[in-house]
Amino acid sequence: MTSSNPRQLAITAALSWTDKPTDGTTPERVDALFGIDVFGAQQMRERLPKEIFKVVKRALETGERLSRDVADAVAVAMKNWAVEQGATHYTHWFQPLTGSTAEKHDAFIVPDGHGGIIFALSGSELIQGEPDASSFPSGGLRATFEARGYTAWDVHSPAFLQRGKNHVTLVIPTAFVSWKGEALDQKTPLLRSMDALSTQAMRILKLFGSADGVHRVYTTLGCEQEYFLVDRHLYFARPDLVTCERTLFGAKPPKGQQLEDHYFGTIPPRVLAFMAECERELYRVGVPVKTRHNEVAPGQFEFAPLFETANLACDHQMLLMETLRRVAPRYGLQAILHEKPFAGVNGSGKHNNWSMATDTGTNLLDPRDETHANIQFLTFLCAVIRAVDLHSDLLRAAVASAANDHRLGANEAPPAIMSIFLGDMLTDLIDQLEKGLPDRTIRGGALDLGTRSLPQLPRDAGDRNRTSPFAFTGNKFEFRAVGSSQSVAWPCTILNTIAAESLDYVATELEQAVGPNPRPEKLLEVVPGLLQKIIAKHKRVIFNGDNYTSEWHAEAERRGLLNLKDCTAAIPALGGDKNVELFEKYKVLNKTELDSRVHIFMEKYAKEMLIESEAMVLMGRQLIGPAVLEHQTLLANCVTASQNAGAEVKSIKASLDSFAKLASRFDAALEALDEADSHHVEDPFEQGRYMKSKVVPLMNELRRLGDELETRIASTLWPLPSYRELLFFK
């Protein structure tokens, strides 16, 4: 007899998986190794007139705008290249405030006026598009009837091809603004923040005499993407995963990550095949993925790319997430990017490795060899320390989301307290600098592994700290608190802006002391005193210990560091007066644009929590409730049958009574949550606070009872795939 239990059917399907795609087709493969589907510098050099290419190259290097004639030439070359590759449409690809990407496809095809058609793309069509902007989140920036919005070509992010079964589309990365020019997306403020940081960093370089040949300072970014993979059949048997991307119920399995045997373990064959295909597709569109491995939790994995200019890295990060989701079904898998899809095992983050570099290739956060003499490096370092201390509220708000609330502060991710890890070498330098100019540098030396068959290894000057939210890791800072599902553009925008403000402060102080073009010896007389002042005031944010401990939380409170524990505390802080002034001063966001984001983020939090709570109620009634009744009926029938047979029923009756009481508590908790869900107010801040204070505790209690029921109900009756099945069926 075939089971009708959805869990049993899903398990049967999952266990019968072969290496053939679920739709019966052959997954799209790339040519010999991998083709290139990016309209980059090489394609432009080959297809553009030499003088036009020089203009475009100069614009890429200096940030100057392209004329319409140049844009027309680029558009023709780009269209010809795309059509040769089979493209029939193009799209302006942008990143609205939904947290994902958006696109509207237009055909190259236009009538030729003689009954035929031609392929065409003008410079104006390349530079500007006009999608309907009315239904995207705007946080009060515009009314629903105000529909006009513009997309603007980001010349620094190369166009690429999107390939499907029967289509090829030219994808043009763009920014997205309203008819009035207000930023409605993630990219516009990011690009503005990059300009702001470049302006202030160039002032520092000019003071140190390091600006010769440098036109611009970029921020660079490398984003480590963690994610889970579950069998697709099991995924669709879990309404919570489908609706919320996290399990709202799920008892802890006997084996989770206790043995730590999954971390960097052998990659399962099906997963490795999936990874390889993802990499090939990403290589085609220019995403430089470098590393792949198992992560800590069972069923959890990671991709990490090489470093790139921040706006390009942000675009590539969105492509990476889309590729994970698109390719996984070809292997019978579902990619889950939620920050905490499974309780009791590690969630997923997205470590943002951030630095500053000149357009000539010099990393401004690289200590180099003679660190004690590198006063320019120490200047940039101290500016970042000051920025993190002064603007910890902004850094915390940058990673605030309903999903990330499950991670921050748990023993798997940095706490909500923003602090900096510097390591032994830099901490020693800072200590020396506080008293005068450094005269020594801690060296790492070499590791002798105790056998001639193994080489000596160069040892870094300090260890890494995986518990710190903002850790220096050699020549960059690793912002570890970023959530796995979020766009990295917003955290990067905030990092750039606060760094720009701090560099502005340093440059102004130095210019007032020594003038804009000081003699080197005069500068070296002044800089140590300024850096000592910064260290004395802001060293409280430096912490090299275990950020997970309760002792650190107490110490951070003594130091006066903020601890914005959840979204309801972190998101409103974003709109504080000092932050409005900061964003307006550096022309990253005006007050209206910033207020809209605060409104959108809070509204999203409240809506996501309501969706989760309503999904819990439905699952409780439609899936768990019937299983509870069936199991209770079996126990009751067992009592009756045993009594009729004259058997001892005391233990069975005790089990029935205990189970019935648990079921009754579950029903009461279900009704309480359902009643709480009926509370709605227009103000997203009030609604968010209500969800956090009233609804979340009820959800936690309902889950506790539901998970206990799972451990007591017969496995053949339980309707949901268990954690054991979800995490280990690969």
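Start at 1 with the first residue, then count along the sequence.
Across Pro367 and Gly474, no two heavy atoms sit closer than the pair CD-O, 3.1 Å. Across all non-hydrogen atoms, the minimal contact from Ala481 to Asn404 is O-ND2, 3.0 Å. Closest of all the heavy-atom pairs between Leu510 and Val527 is CD2-CG2, 3.9 Å. When all heavy atoms of Ile420 and Asn544 are compared, the pair lying nearest together is O-OD1, 4.3 Å. Shortest non-hydrogen contact noted between Gly123 and Arg68 is C-CD, 4.3 Å. Of all non-hydrogen atoms in Ser392 and Leu562, the two that sit nearest each other are OG-CD1, 3.7 Å.
In this structure, Phe472 and Phe477 have perpendicular ring planes: the angle between them is above 60°, well past the 30° mark. Between Trp552 and Phe543, the ring-plane angle classifies as parallel under the 30° and 60° cut-offs.
A heavy-atom distance below 4.5 Å is not found between the side chains of Leu97 and Asp185. Residues Phe208 and Leu523 have side chains in contact (heavy-atom distance under 4.5 Å, counting atoms from C-beta outward). Side-chain contact between Ile204 and Thr379: present, with at least one pair of heavy atoms (C-beta onward) separated by less than 4.5 Å. The closest side-chain heavy-atom distance from Leu320 to Leu282 is below 4.5 Å. At least one side-chain heavy atom of Gln225 sits less than 4.5 Å from a side-chain heavy atom of Leu324. Put simply, the side chain of Ile498 does not reach to within 4.5 Å of the side chain of Leu390, judged on heavy atoms. When side chains are defined from C-beta on, Met78 counts as touching Leu170, because their heavy atoms get closer than 4.5 Å. For the pair Pro469 and Ile417, the minimum side-chain heavy-atom distance is 4.5 Å or more.
Of the candidates His351, Arg480, Lys350, Glu224 forms a side-chain hydrogen bond (donor to acceptor under 3.5 Å, both in side chains) with just one, namely His351. A side-chain hydrogen bond (donor to acceptor under 3.5 Å, both in side chains) with Thr101 is found for exactly one of Glu322, Gln95, Gln186, namely Glu322. Checked options Leu221, Leu365, Asn353; the residue passing with Lys476 is Asn353 (criterion: side chain to side chain contact (heavy atoms under 4.5 Å, CB included)).
Using a cutoff of 4.0 Å between basic side-chain nitrogens and carboxylate oxygens, Lys587 and Asp195 are not scored as salt-bridged. The pair Asp504-Lys585 meets the salt-bridge criterion, since a charged nitrogen lies less than 4.0 angstrom from a carboxylate oxygen. Electrostatic pairing of Glu51 and Lys54 counts as a salt bridge here, judged by a charged N lying under 4.0 Å from a carboxylate O. For the pair Glu501 and Arg386, the salt-bridge criterion is met [side-chain N within less than 4.0 Å of a carboxylate O]. Checked for salt-bridge contact, Glu302 and Arg292 miss the test: no charged N lies under 4.0 Å from a carboxylate O. With respect to Glu593 and Arg192, a salt bridge is recorded, a charged nitrogen being found less than 4.0 Å from a carboxylate O. The pair Lys591-Glu584 does not count as a salt bridge, with every side-chain nitrogen at least 4.0 angstrom from each carboxylate oxygen.
Judged by distance alone, the side chain of Thr188 and the main-chain N or O of Ala183 form no donor-acceptor pair under 3.5 Å. The main-chain N or O of Asp359 is never found under 3.5 Å from a side-chain atom of Arg216 such that the two would form a donor-acceptor pair. Checked by atom type and distance alone, the side chain of Ser487 pairs as donor or acceptor with a backbone atom of Ala489 at under 3.5 Å. The closest donor-acceptor contact from the side chain of Gln43 to the backbone of Gly40 lies under 3.5 Å. For Asn496 (side chain) and Ser193 (main-chain N/O), no donor-acceptor pair under 3.5 Å exists by modelled atom type. Distance alone, capped at 3.5 Å, is enough to place a donor-acceptor pair between the Thr323 side chain and the Leu319 backbone.
For the residue pair Thr174/His92, the side-chain donor-acceptor check at 3.5 Å is not satisfied. A donor-acceptor pair shorter than 3.5 Å cannot be found between the side chains of Ser468 and Asn547. Ser348 and Gln300 form a side-chain donor-acceptor contact under 3.5 Å, judged by distance and modelled atom types alone. Residues Ser401 and Gln486 bring no donor and acceptor atom of their side chains to less than 3.5 Å of each other. Judged purely by distance below 3.5 Å, without hydrogens or angles, the side chains of Ser484 and Arg407 never pair a donor atom with an acceptor atom. Under the 3.5 Å distance criterion, with hydrogens and angles disregarded, a donor-acceptor pair is assigned to the side chains of Ser485 and Glu339. Checked by atom type, the side-chain pair Thr427/Asp424 shows no donor-acceptor distance below 3.5 Å.
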Audit row: Met418, Leu561, side-chain contact (heavy atoms from CB on, under 4.5 Å) steps and yes/no: CA-CA 8 Å; Met418 294 294 113; Leu561 300 181; over 6 Å; no

List the steps and the verdict of side-chain contact (heavy atoms from CB on, under 4.5 Å) for Leu530 and Tyr505. CA-CA 10 Å; Leu530 175 59; Tyr505 165 80; 4.1 Å; yes

Lys539 vs Asp389, salt bridge (charged side-chain N to carboxylate O under 4.0 Å, His left out): CA-CA, chis, key distance, verdict: CA-CA 8 Å; Lys539 66 180 180 180; Asp389 186 36; over 6 Å; no

Can Trp354 and Phe479 be said to form a ring pair (Phe, Tyr, Trp, His ring centres under 6.0 Å), step by step? CA-CA 7 Å; Trp354 174 90; Phe479 191 15; 9.5 Å; no

The test is side-chain contact (heavy atoms from CB on, under 4.5 Å); show your working for Asn311 and Met194 and say whether it passes. CA-CA 9 Å; Asn311 65 311; Met194 292 174 68; 3.7 Å; yes

Passes side-chain contact (heavy atoms from CB on, under 4.5 Å), Trp490 versus Ile494? Steps please. CA-CA 6 Å; Trp490 181 234; Ile494 286 180; 3.7 Å; yes

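With rounding to the nearest 0.5 Å, the separation of OG in Ser100 from CE in Met321 is 8.5 Å. Atom SG of Cys492 is separated from atom CG of Leu190 by 5.0 Å, given to the nearest 0.5 angstrom. To the nearest 0.5 Å, atom CD1 of residue Ile385 and atom CD1 of residue Ile542 are 4.0 Å apart. Note that the OH atom of Tyr150 and the CD atom of Gln128 stand 6.0 Å from one another [nearest 0.5 Å]. From Asp37, atom CG reaches atom CZ of Phe160 across 10.0 Å, with rounding to the nearest 0.5 Å. The distance from atom CD of Gln200 to atom OG1 of Thr497, rounded to the nearest 0.5 Å, is 11.0 Å.
Shown here is Lys290, whose NZ atom has no more than 12 heavy atoms of other residues, nucleotides or ligands within 6.0 Å.
For Asp366, the side chain to side chain contact (heavy atoms under 4.5 Å, CB included) partners at least two apart in sequence or on another chain are Asn363, Arg368, Asn475.
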